[in-house]
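Accompanying notes for the structure given below.
Just so we're on the same page: letters track the sequence lines, and every chain starts at 1.
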Amino acid sequence: MLKDAYDVAVVGGGLVGVATAWGLAREGCRVVVLDEGDRAVRASRGNFALVWVQSKGYGLAPYAGWTVRSSEAWAGFAETLKQETGLDVCFQRPGGFHLALSEAELQARADALKRLHNQPGIVQYKAEILDHAAVKRMLPDIGPEVAGGSYCPLDGHVNSLRLFRTLHTALNARGVTYLPDHRVEAITREGGEFQLVTARGTITAGKVALAAGNANMRLAPMVGLEAPMLPERGQIVVTERLRPFLHHPVVTLRQTDEGTVMIGDSREESTDPRGLTIGVSATEASRAVRMFPLLASANVVRTWSAIRVMTQDGFPIYDQSESHPGAFTVCCHSGVTLAANHALTVAPMIARGALDASLVGPFSARRFHVQAAG
Amino acid sequence: MFKRLGDTGATLTLTVDGKPIRARIGDTVAAAMLAAGIDHCRTTPVSGAPRAPYCLMGVCFECLVTVDGVGSRQGCLVPVAEGMKVETQLGKREAGR
Amino acid sequence: MNESYDLVVIGGGPAGLAAASTAARAGLATVLFDENPGIGGQIYRGITANPVRNRAILGEEYWAGTALAAEAKASGATIVNGATVWSLDASLAVGVSVAGRARTIQARRVIVATGALERPFAIPGWTLPGVMTAGAAQTVLKAQGLLPNGRTVLAGSGPLLWLLAAQMLRAGARLEAVFDTTPPLNWSRAALYLPDFLLSPYFKKGLALMREVKRRTKVRAARHIEAVGTDKLREVVVDGRRIPSDLLLLHQGVVPNVNLAIAAGIDHRWDARQLCFVPVLDADFGSSVPGIAVAGDGAGIAGGTAAAERGRIAAIAAVRALAPDAAVPDPQSARQRLQREELGRAFLDELYRPPKALRRPEGGTIVCRCEEVTAAEVRKTAQMGCEGPNQMKAFLRCGMGPCQGRLCGLTVTELIAEERGRTPDEVGYYRLRPPVKPITLGELASLPASEAERRAVER
Ligand SMILES: Cc1cc2nc3c(=O)[nH]c(=O)nc-3n(C[C@H](O)[C@H](O)[C@H](O)COP(=O)(O)OP(=O)(O)OC[C@H]3O[C@@H](n4cnc5c(N)ncnc54)[C@H](O)[C@@H]3O)c2cc1C
Ligand code: FES
């Protein structure tokens with residue numbers, strides 16, 4: 001391919017990058033995706049696969065609306081992907097739970113929901129607090145220690161690893177160039193184009209979309225943007241495949257379409273993806289068994305830890321550069337939930353060359369300065 | 001598929017899917033099933049294909065069976081005991097079993 | 001069992017037994033864990049309770065294990081069987097599960113002696129009931145006195161194939177056919193190392209075994225092997241020839257069982273001669289993680305006698321580090337014996353290097369038995385740009401089942417290397433984490449957690 005043949009270079013081949021790249025390719029852009037190698041820290045391989053609405057948006061009300069928008073778009077997004085690739089990402093929106101293991105936890109949960117929904121200008125949707133008996137009607141296998149929980153009908157989940165594979169497959173079918181082992185070291189802009197420097201050569205493109213997760217912190221300043229990040233580690237425990245017993249995702253425990261039960265999800269300050277703290281896995285396991293006692297005999301076949309892509313205030317960053325026109329950041333924690341938005345809303349904006357402030361204005365990193373000043 | 005070299009050692013009885021089989025003290029569950037001519041011990045949770053012990057040294061997990069009500073035990077590592085109830089494991093394991 | 005030990009030895013084969021004896025005799029508080037019901041590892045499987053009365057069947061080399069087992073039992077080391085080690089980390093905390101109860105034991109030194117497993121042999125139909133590894137047949141012969149019955153085919157290559165054939169024939173088994181898949185061209189490469197081999201103890205033993213087998217049964221060369229059947233094996237197809245069969249025994253050498261060592265964070269590298277990943281070790285078998293040594297075949301394949309010497313050397317280093325004044329044997333003599341054992345290895349490795357076609361399957365042949373992932377899927381995904389086994393695992397679930405990649409890891413690495421035009425070393429191996437063997441959620445839940453660890457989850 002000619003060296004300047006790309007309209008857009010997407011930096012990062014995780015879920016955020018490939019969802020954006022797929023959206024760009026659908027807009028007719030010639031796209032290249034630059035990615036790190038096999039051992040990269042890749043949250044897309046370690047996430048919990050929820051398409052989750054409840055609890056999102058405390059502290060930045062528009063984030064709740066942005067999340068609901070993606071949740072609503074998800075079914076169509078999944079269907080389109082299936083038509084393109086034949087792969088089913090198993091999106092389901094049966095409604096999800098946050099379970100409390102004591103009255104105190106339940107009260108804290110109720111307070112948090114109230115605070116969230118009392119914010120001015122927040123999108124309204126149903127999220128209710130249920131007691132033990134009401135939860136038990138929907139989750140018959142809960143244990144006696146479950147005091148109750150919050151339930152939101154908009155919550156769902158997918159098979160996120162299959163989503164990751166499906167998006168890569170779709171990119172491949174659309175002729176998008178995927179370059180693994182091309183870690184971007186530097187980005188310059190000359191002659192109206194961006195030059196992305198990697199150890200394996202320099203790639204040139206008209207626009208650049210930074211979707212490199214926590215590495216956006218390093219890359220964004222190269223194009224006059226910023227992405228203040230605060231990575232944290234999460235550990236997940238997975239069981240062998242079991243017959244279906246759990247038909248709603250719980251924020252810390254879900255049964256996948258394959259039958260395995262995923263149990264999460266911790267928040268630790270460490271950024272070493274290799275490490276694993278047994279005490280943390282033990283706590284996760286213990287809470288899981290208290291929620292669903294029948295899981296005590298299930299075999300744990302794997303655990304993993306992954307590094308969350310986390311901005312300093314936890315909300316997404318979507319930005320366009322003023323000093324380097326054509327450079328964008330797409331950066332967020334919940335890349336599964338927001339995949340539909342990235343593919344169907346953000347990518348078309350990048351293809352057109354400008355973000356729509358009415359939709360993503362509140363997510364500019366400029367908010368960090370406003371807060372600092374105020 | 002397998003026969004015993006000689007009739008050495010004390011025997012005991014366990015059941016596989018309710019049917020009694022004779023085994024020798026010192027057998028593992030997988031060895032006892034092979035000696036009894038049982039040709040598969042489980043079906044896979046992915047496609048339902050039948051599988052039998054493959055390595056007999058604890059690494060392949062093909063020998064998974066339910067032993068005394070507990071699913072997914074490695075038959076090649078579990079010694080037999082008098083009266084033990086072994087069941088072939090069909091597809092995915094049932095939670096709580 | 002105590003909460004902490006000077007030395008924890010994981011694995012009760014020759015390496016582990018020798019290590020535990022040496023350390024315990026020098027006064028270290030030593031515990032040896034092995035998940036099997038008895039000690040002996042693979043080579044001396046069933047050594048303490050062997051039902052095989054006729055000693056000639058298994059051969060004198062097998063019975064040499066009796067001394068090693070007796071030495072370990074008398075040494076003062078605590079030996080725990082039925083003990084599955086599922087975790088090991090840089091703090092030298094050893095997660096072990098015994099009789100359905102998990103706990104962590106603190107060690108001051110650890111010797112990983114988890115040995116070897118048979119190299120994956122991914123041919124069409126290898127998941128059918130009726131197809132087993134040759135080692136599996138040997139294991140039930142040694143430990144339970146079981147002998148194949150019915151039409152049995154043995155196929156593959158390597159010194160162990162000959163040994164097993166001989167043991168089964170001596171015990172009275174009837175072998176329908178023995179197929180040797182050693183590529184004839186290997187002889188010319190191996191010839192370079194012939195002089196050393198002639199001096200090694202393997203030469204005479206090996207030659208005698210081959211003669212013995214060939215005298216009793218016909219051995220044919222073969223390139224392509226297929227197992228055919230729907231619910232179980234019906235026939236073996238070898239280079240187009242169909243052989244009705246009840247049992248197919250496969251073997252093409254052994255490779256280190258790396259799961260625990262990799263999960264412990266020990267650096268590994270690709271061994272281009274043995275075609276497998278091996279830990280990076282110093283002269284005392286110390287690994288890249290301070291305090292952890294890897295001895296025996298887990299350190300690279302060298303056989304049972306070498307495994308014991310390696311175990312001794314690693315244990316002597318542990319004693320010297322923890323109890324400098326304790327009396328230990330001179331490691332020099334162990335090193336010399338080890339050197340003699342290793343002398344013939346290069347020849348054997350070159351000669352029995354399995355052919356590409358039997359290491360890098362194609363089409364619908366299953367690569368990952370647990371998740372039923374085929375060679376074609378792996379190859380296609382690699383062509384799409386998937387560069388390594390970890391991304392492959394995310395895309396296809398290969399290596400995610402209960403065996404945790406033990407039976408597909410090397411195949412997946414080799415397939416990616418071929419499709420992407422890279423070396424297996426560049427491609428790398430699965431990232432592995434505890435538990436390296438399944439434990440129940442209830443067991444995991446019972447382990448202690450600190451306040452900070454609890455707070456990281458409870459929100
Ligand atoms: C199936 C098979 C058959 C073989 N037969 C022969 C033979 O007849 N003659 C011969 O010369 N060589 C044979 N070999 C090769 C021979 O096994 C090795 O050279 C030798 O046994 C290496 O000794 P080791 O102590 O390193 O390992 P091993 O003898 O393999 O011992 C390792 C031990 O570690 C235990 N273990 C592994 N993981 C864990 C864990 N996580 N927790 C607790 N315990 C664990 C295993 O159960 C095993 O008992 C065979 C190999 C295999 C795989
Ligand atoms: S037969 Fe392989 S683990 Fe039991």
Inset, instruction - Considering only NZ, NE, NH1 and NH2 on the basic side and carboxylate oxygens on the acidic side, decide whether C:Glu35 and C:Lys437 come within less than 4.0 Å. - result: yes
Legend entry - Salt bridge B:Asp39-B:Arg51, side-chain N to carboxylate O under 4.0 Å: no
Considering only heavy atoms and a distance below 4.5 Å, find which of [options] pairs most often with chain B.
| options | result |
| --- | --- |
| C:Pro37, C:Pro148, C:Cys370, C:Gly172 | C:Pro148 |
| C:Leu250, C:Leu146, C:Leu128 | C:Leu146 |
| C:Thr152, C:Ile57, C:Thr440, C:Leu407 | C:Leu407 |
| C:Thr230, C:Thr127, C:Asp231, C:Asn54 | C:Thr127 |

Legend entry - Which atoms of B:Thr28 approach chain C - backbone, side chain, both or neither, heavy atom under 4.5 Å: both
Segment of [X] engaging chain B (4.5 angstrom heavy-atom cut-off):
| X | value |
| --- | --- |
| C:Ala171 | both |
| C:Leu441 | neither |
| C:Leu247 | side chain |

Would you please say whether a donor-acceptor pair under 3.5 Å links the side chains of [X] and [Y]?
| X | Y | value |
| --- | --- | --- |
| C:Thr114 | C:Asn257 | no |
| C:Arg45 | C:Asn36 | yes |
| C:Ser245 | C:Glu176 | no |

Inset, instruction - Please test C:Val367 against C:Val412 for side-chain contact (heavy atoms from CB on, under 4.5 Å), starting from the C-alpha separation and ending with a verdict. - result: CA-CA 7 Å; C:Val367 168; C:Val412 167; 3.8 Å; yes
Inset, instruction - Look at B:Ser47, B:Pro79, B:Gly37, B:Ser72 and state which one has the largest set of heavy-atom pairs under 4.5 Å with chain C. - result: B:Ser47
Legend entry - Test item: C:Glu118 side-chain N/O and B:Cys55 main-chain N/O as donor-acceptor pair under 3.5 Å: no
